[in-house]
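First comes the structure, then the notes that go with it.
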Amino acid sequence: MAWTLVVGAVAAAGVLWSLYFRFKDRLRPEPLKAVIGAVALGGVAAGLAVAVFRLLAALGLPEEPPESALPLLAYCIAVIGVVEEGLKFAVVRLVVVRWREFDEVIDGLFYAAMAAIGFASVENLVRAGDAFWPEQLAR
């Protein structure tokens, strides 16, 4: 029961954010299949991020961020930020910009937001079970 609530909440959040951004594009809204495709690619980027973090751990980088403030900040910026944001950018830049539906400059922002929603949804599904309820609610 609890697992279905988590999946439902994550799915609802993703759908609501996607609809919000989709309805903001009133002149030429993106087709639903392209929106779903970009969200799915964001989910793929999350899976790739896990693989990259495992590879970095095998190369000797710590699997968990350090506890103290300055090393934690450096780890978040130099490792987590580069890997996660880089992969979200990569799926949009290498795949989505080639789609026929990518026909306006603003589509770059829209599809990047959709990929980010897909990434965050997968991340929330993975992390939600480990988190205390206030963190789950915040996510």
Side-chain angles (χ1 to χ4, degrees):
M1 178 65 179
W3 181 246
T4 56
L5 282 173
V6 170
V7 171
V10 168
V15 168
L16 289 174
W17 277 112
S18 298
L19 288 173
Y20 171 78
F21 283 109
R22 189 160 187 253
F23 289 126
K24 284 294 186 179
D25 187 7
R26 291 189 182 121
L27 296 178
R28 291 193 308 201
E30 305 310 308
L32 188 57
K33 70 177 178 124
V35 173
I36 293 169
V39 171
L41 283 171
V44 169
L48 291 173
V50 170
V52 169
F53 286 129
R54 287 185 180 156
L55 175 65
L56 292 174
L59 295 174
L61 212 65
E63 289 186 46
E64 293 296 321
E67 300 265 335
S68 54
L70 194 56
L72 175 61
L73 177 65
Y75 187 87
C76 288
I77 292 170
V79 178
I80 296 173
V82 170
V83 170
E84 292 184 2
E85 302 308 320
L87 286 169
K88 286 184 267 187
F89 174 76
V91 296
V92 173
R93 180 65 182 98
L94 297 174
V95 178
V96 177
V97 297
R98 300 173 196 274
W99 292 352
R100 181 174 28 98
E101 294 85 5
F102 195 101
D103 56 359
E104 299 174 280
V105 175
I106 195 67
D107 287 350
L109 178 63
F110 176 80
Y111 285 117
M114 294 303 102
I117 287 169
F119 191 102
S121 295
V122 169
E123 189 175 39
N124 287 340
L125 282 174
V126 170
R127 299 254 185 226
D130 300 336
F132 189 51
W133 73 266
E135 184 182 347
Q136 289 177 352
L137 184 61
R139 285 181 167 271

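Because the structure is predicted, anything quoted here is derived from the model rather than measured.
- Residue Leu48 is grouped with residue Leu61 when hydrophobic side chains (ILVMFWY) are merged at heavy-atom distances under 4.5 angstrom, including chains of intermediate members.
- In the hydrophobic cluster analysis, where Ile, Leu, Val, Met, Phe, Trp and Tyr join through side-chain heavy atoms closer than 4.5 angstrom, Phe89 is grouped apart from Ile117.
- Linking ILVMFWY residues whenever their side-chain heavy atoms come closer than 4.5 Å, directly or via other members, places Val95 and Val39 in the same cluster.
- Contact record, Val122 with Gly43: CG2-CA, 3.6 Å, taken as the closest heavy-atom pair.
- Nearest heavy-atom pair across Lys88 and Val91 is O-CG2, 3.2 Å.
- Across all their heavy atoms, Leu87 and Val52 have their closest contact at CD1-CG2, 4.3 Å.
- Looking at every heavy atom in both residues, Ala112 comes nearest to Val92 through CA-CG2, 3.9 Å.
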* To do: For the pair Val126 and Val50, evaluate side chain to side chain contact (heavy atoms under 4.5 Å, CB included) and give the outcome as yes or no after the intermediate values.
  => CA-CA 11 Å; Val126 170; Val50 170; over 6 Å; no

* To do: Applying side chain to side chain contact (heavy atoms under 4.5 Å, CB included), run through Phe119 and Glu85 and close with a yes or a no.
  => CA-CA 10 Å; Phe119 191 102; Glu85 302 308 320; over 6 Å; no

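- Atoms OH and CD, on Tyr75 and Glu64 in that order, are 7.0 Å from each other to the nearest 0.5 Å.
- Under a hydrophobic-cluster definition in which Ile, Leu, Val, Met, Phe, Trp and Tyr are linked whenever side-chain heavy atoms come within less than 4.5 Å, directly or via other members, Phe110 and Val97 are assigned to the same cluster.
- Between the side chains of Glu101 and Tyr111, not a single donor N or O lies within less than 3.5 Å of an accepting N or O.
- Hydrophobic clustering (ILVMFWY, side-chain heavy atoms < 4.5 Å, transitive): Val96 and Met114 are in one cluster.
- To the nearest 0.5 Å, atoms CD1 (Ile106) and CD (Glu30) are separated by 10.0 Å.
- Residue Leu72 holds its CG atom at 9.5 Å from CD1 of Ile77, rounded to the nearest 0.5 Å.
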